[in-house]
Amino acid sequence: MARRSILIIEDEDPKRKHIEEHIKSHLDGTALDIIFFHSVSSSLDYLDDNEPELIILDMSLPTYDISEIEGGGRPQGFGGLEILRHLKMSGSSCPTLVLTGYEAFMREEGLVELSQISDELKSEFGTFLIDVLYYNSAYSEWKNRISSTLKNLGLFNKK
């Protein structure tokens with residue numbers, strides 16, 4: 001039997017490490033791998049053959065992983081949307097949290113608040129999208145929501 005896993009799709013290392021530390025603080029010996037990808041392309045490659053227990057997804061991602069020979073491609077303000085669409089088209093039911101550091105996004109019609117983006121995403125991907133959260137390392141709302149999601153999915157049993 002394959003080990004259970006949480007997939008974090010995040011291109012900013014400090015944010016990714018903060019999320020990872022928070023998740024690890026709740027694990028009580030649970031056999032659970034935390035897997036990371038930094039781009040749309042590498043995440044889609046992984047998801048073609050794997051379905052984690054939970055995905056924590058950034059909304060703004062580079063197209064490709066950044067390396068010595070690859071610059072990451074064009075940044076995608078809605079790269080996470082491409083991953084959500086892939087999940088929907090593949091029939092995935094993997095619970096997903098979107099965790100973004102932006103309180104608003106620029107679109108053709110102008111600045112769109114995160115609350116509106118959240119409503120739109122939940123309407124389109126509500127079968128597996130749990131929530132859309134604002135990430136700020138100084139706030140605890142995102143931590144509380146991740147904690148409750150982990151508990152609801154049976155991924156930890158913290159008192």
Side-chain angles (χ1 to χ4, degrees), residues 2-23 32-137 139 141-143 145-146 148-150 152-153 155:
R3 283 177 55 105
R4 295 165 36 163
S5 64
I6 294 174
L7 174 60
I8 299 174
I9 305 172
E10 173 59 58
D11 60 320
E12 295 180 21
D13 281 336
K15 181 179 167 189
R16 180 197 54 80
K17 288 176 184 173
H18 204 182
I19 296 165
E20 178 187 15
E21 288 169 4
H22 179 70
I23 292 170
L32 189 67
D33 293 326
I34 301 175
I35 299 165
F36 313 100
F37 287 100
H38 299 90
S39 70
V40 172
S41 180
S42 61
S43 301
L44 293 178
D45 288 345
Y46 176 82
L47 289 167
D48 280 342
D49 298 317
N50 301 278
E51 182 147 332
E53 303 294 318
L54 173 66
I55 297 172
I56 299 175
L57 174 65
D58 188 21
M59 189 53 68
S60 179
L61 295 164
T63 304
Y64 303 103
D65 286 338
I66 297 171
S67 68
E68 290 179 17
I69 58 171
E70 177 59 59
R74 66 178 175 81
Q76 297 187 40
F78 286 99
L81 183 58
E82 188 172 335
I83 292 169
L84 291 170
R85 287 183 177 145
H86 174 84
L87 291 169
K88 184 176 182 178
M89 286 177 39
S90 67
S92 175
S93 59
C94 182
T96 303
L97 287 171
V98 171
L99 185 60
T100 181
Y102 295 100
E103 294 181 279
F105 286 84
M106 185 56 76
R107 285 204 218 152
E108 289 180 14
E109 67 269 19
L111 204 56
V112 180
E113 295 293 320
L114 185 59
S115 60
Q116 181 180 338
I117 300 286
S118 176
D119 291 344
E120 293 170 6
L121 293 176
K122 288 177 185 175
S123 174
E124 185 173 352
F125 305 106
T127 57
F128 59 88
L129 181 63
I130 297 170
D131 210 346
V132 178
L133 307 167
Y134 172 63
Y135 170 85
N136 182 315
S137 62
Y139 298 158
E141 181 182 341
W142 68 270
K143 291 179 183 180
R145 187 63 170 123
I146 288 176
S148 67
T149 298
L150 291 170
N152 291 341
L153 294 174
L155 298 176

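All of these numbers come straight from a predicted model, not from anything done at the bench.
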Legend entry - Intermediate values then yes/no, side chain to side chain contact (heavy atoms under 4.5 Å, CB included), Glu124 and Leu84: CA-CA 9 Å; Glu124 185 173 352; Leu84 291 170; over 6 Å; no
Inset, instruction - Go through the structure and list residues passing salt bridge (Lys or Arg N to Asp or Glu O under 4.0 Å) with Glu109, not counting sequence neighbours. - result: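 Glu109 satisfies salt bridge (Lys or Arg N to Asp or Glu O under 4.0 Å) with Arg107 only.
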Legend entry - For Asp131, salt bridge (Lys or Arg N to Asp or Glu O under 4.0 Å) partners two or more places apart: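 Applying salt bridge (Lys or Arg N to Asp or Glu O under 4.0 Å) to Asp131 gives Lys122, Arg145.
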For [X] against [Y], the heavy-atom pair lying closest together:
X: Asp11; Y: His38; result: CB-O, 3.3 Å
X: Ser93; Y: Glu51; result: N-OE2, 3.5 Å
X: Pro95; Y: Leu153; result: CG-CD2, 3.8 Å
X: Pro52; Y: Cys94; result: O-SG, 3.1 Å
X: His22; Y: Lys143; result: NE2-O, 3.0 Å
X: Phe105; Y: Ile117; result: CD1-CG1, 4.2 Å

Check whether any side-chain heavy atom of [X] lies under 4.5 Å from a side-chain heavy atom of [Y], and answer yes or no.
X: Lys88; Y: Thr127; value: no
X: Tyr46; Y: Ile35; value: yes
X: Phe128; Y: Leu87; value: yes
X: Phe37; Y: Leu44; value: no
X: Leu121; Y: Leu81; value: yes
X: Leu99; Y: Lys15; value: yes
X: Leu47; Y: Leu7; value: yes

Distance in Å, [X] [atom1] paired with [Y] [atom2], rounded so as to fall on 0.5 Å steps:
X: Ile6; Y: Phe36; atom1: CD1; atom2: CZ; value: 10.0 Å
X: Asn50; Y: Ser43; atom1: CG; atom2: OG; value: 11.5 Å
X: Tyr102; Y: Tyr135; atom1: OH; atom2: OH; value: 13.0 Å
X: Ser92; Y: Ile83; atom1: OG; atom2: CD1; value: 12.0 Å
X: Glu20; Y: Arg16; atom1: CD; atom2: CZ; value: 5.5 Å
X: Asp58; Y: Ile8; atom1: CG; atom2: CD1; value: 11.5 Å

Legend entry - Enclosure of Glu141 CD (heavy-atom neighbours >12, cutoff 6.0 Å):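 No - once you tally the heavy atoms of other residues, nucleotides and ligands closer than 6.0 Å, there are 12 at most.
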Legend entry - Check: Val98 main-chain N/O paired with Thr100 side-chain donor or acceptor under 3.5 Å: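 Here the side-chain-to-backbone pair does not exist.
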Legend entry - side chain to side chain contact (heavy atoms under 4.5 Å, CB included) evaluation trace for Glu10 with Ile56: CA-CA 8 Å; Glu10 173 59 58; Ile56 299 175; over 6 Å; no
